Protein chains: 2
Amino acid sequence: MKERCLNVAQTCMFNKTRAISRYVTNLYANALKDVGVTPVQFSMLTAVQLISNANVNNLSNALMMDRTTLNRNLKPLVRDGFIDIQESTDRRERKISITQEGKEVYEKGYKKWEEAQRELEEVIGTEDWLTMNSLFDTIIARIK
Amino acid sequence: MKERCLNVAQTCMFNKTRAISRYVTNLYANALKDVGVTPVQFSMLTAVQLISNANVNNLSNALMMDRTTLNRNLKPLVRDGFIDIQESTDRRERKISITQEGKEVYEKGYKKWEEAQRELEEVIGTEDWLTMNSLFDTIIARIK
DNA sequence: TGATAAAATGTGCATATACACATAAAAGGA
DNA sequence: TCCTTTTATGTGTATATGCACATTTTATCA
């Protein structure tokens, strides 16, 4: 039924969320292109610096990311020497920390991140940017 | 610098967008679990029913999805017999259409989609749901 | 017509995502 | 202590995403 499809196309919150997410992701990815980290990796470097002695669970909770997703996403960062993983006294867990090289790449990334934030605000418009900000904070508080 | 990281953690629009996108995706995915299609596949079945004689470009534009992403996402739908791809007189392009089996699965999916919409509205709250709706429509109009 | 430009699509590669299942180690209790 | 439960993590599989690069076919124009 065309009627139903039209309804979905016009009102589906998944579609809208996902389309916007793709756009936002690409905007930040382009900004970080020459830095050497993806937006997701940048956010992981943020969290690992904020949580001292972080393990996989701590980070996945902080980033609201699936544990197994975060676990896999760590690998490129380890490979590139941006984060370091060490054993813990509790031999079940692993301690995750940022390296010196990771800190350096974060400095570069931070500047580009600021540019991306400004660029997105321009695209969306300051008024809607503020609306989006407070709305998202409210939603995140709900789903956390 | 902890200051910078705190700033990113609290204000990064990429982080917020992505976290919400993950939550919304999972909510719709769980709703559609027993139907046999993912949320992205459901949205593709929607578009293909709305656009007669669609080709890859048409669909990717309608869904605001990268052309190559859409191309790959077609494959599970073809494999499962939900869409059909045929040659065109213009031999560069391919014509994409929904099958009878695809229509049947869409009927089942539509009911679950309605439930997901209601569930998300409940989680977010009706007032913010409406805000989100109009905000997203505005943003999508901007970035399209 | 013949060369060039444009259009439509496909592929290799890398990252991102999450469920189901499995393993290993610590904690708790009888 | 020994058994059970909980905790922390890892792996297999499948989908989703987009850039860079390539191919094929159509359109354009001198």
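Below, read A as the first sequence line, B as the second, and so on, with proteins coming before strands; counting in each chain starts at 1. Since we're looking at a predicted model, the values are computed, not measured.
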Could you check A/I96 against A/K33 and say which one's nearest nucleotide on DNA chain D is further toward the 5' end?
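Of the two residues, A/I96 wins.
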
Remember a base hit wins even if backbone is also touched, and classify [X] as base, sugar-phosphate or nothing at under 4.0 Å, heavy atoms.
| X | value |
| --- | --- |
| A/R72 | base |
| B/R67 | base |
| B/D90 | sugar-phosphate |
| B/T89 | sugar-phosphate |
| B/K95 | nothing |

For [X] and [N], what is the distance between atoms [atom1] and [atom2] respectively, to the nearest whole Å?
| X | N | atom1 | atom2 | result |
| --- | --- | --- | --- | --- |
| B/N73 | D/dT15 | CG | P | 10 Å |
| A/D66 | D/dG10 | CG | C1' | 13 Å |
| B/Y23 | C/dT17 | OH | P | 17 Å |
| A/Q86 | D/dA8 | CD | C1' | 18 Å |
| A/N26 | D/dA16 | CG | C1' | 12 Å |
| A/I85 | D/dT9 | CD1 | P | 10 Å |
| B/N58 | C/dA7 | CG | P | 14 Å |

When you get a sec, tell me which of [options] is the closest nucleotide to the side chain of [X]?
| X | options | value |
| --- | --- | --- |
| A/V40 | C/dT17, C/dA24, D/dT17 | C/dT17 |
| A/N71 | C/dT15, D/dT15, D/dT11 | D/dT11 |
| A/N57 | C/dA16, D/dT9, C/dG10 | D/dT9 |
| B/R94 | C/dA18, C/dA27, C/dT9 | C/dT9 |
| A/T68 | C/dG10, D/dT25, C/dA18 | C/dA18 |
| A/R91 | C/dA25, D/dT25, C/dT17 | C/dA25 |
| A/E93 | D/dC19, D/dT9, C/dA7 | D/dT9 |
| B/R79 | C/dA8, D/dT15, D/dG18 | D/dT15 |

Using the closest heavy atom to pick a nucleotide of DNA chain C for each, name whichever of A/Q41 or B/K75 lands nearer the 5' end.
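Its nearest nucleotide lies further toward 5', so the answer is B/K75.
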
Are side-chain N/O atoms of B/E121 and B/T126 paired as donor and acceptor at under 3.5 Å?
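Their side chains do contain a donor-acceptor pair, which is all the 3.5 Å distance test asks for.
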
Yes or no on ring-ring contact (aromatic ring centres under 6.0 Å, His included) for A/F42 and A/Y106, after CA distance, side-chain angles and deciding distance?
CA-CA 7 Å; A/F42 184 76; A/Y106 195 79; 4.6 Å; yes

So B/K103 and B/E107, do their side chains get closer than 4.5 Å, heavy atoms only?
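B/E107 vs B/K103: side chains apart.
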
Validation row: B/L27, B/E119 side chains within 4.5 angstrom (heavy atoms)
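Yes, close enough: below the 4.5 Å cut-off.
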
Name the residue from A/I96, A/I98, A/L59, A/L70 that meets the side-chain contact (heavy atoms from CB on, under 4.5 Å) definition with A/M44.
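Only match with A/M44 under side-chain contact (heavy atoms from CB on, under 4.5 Å): A/L70.
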
Hey, is B/K95 close enough to B/E93 for a salt bridge, meaning N to O under 4.0 Å?
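The answer is yes: the pair qualifies as a salt bridge.
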
Test for a donor-acceptor pair under 3.5 Å between the base of D/dT7 and the side chain of A/R92, counting only N and O atoms.
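When only heavy-atom distances are counted, A/R92 does reach the base of D/dT7 through a donor-acceptor pair under 3.5 Å.
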
OP1 or OP2 of C/dT17 less than 4.0 angstrom from a side-chain nitrogen or oxygen of B/R22, does that happen here?
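Result: yes.
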
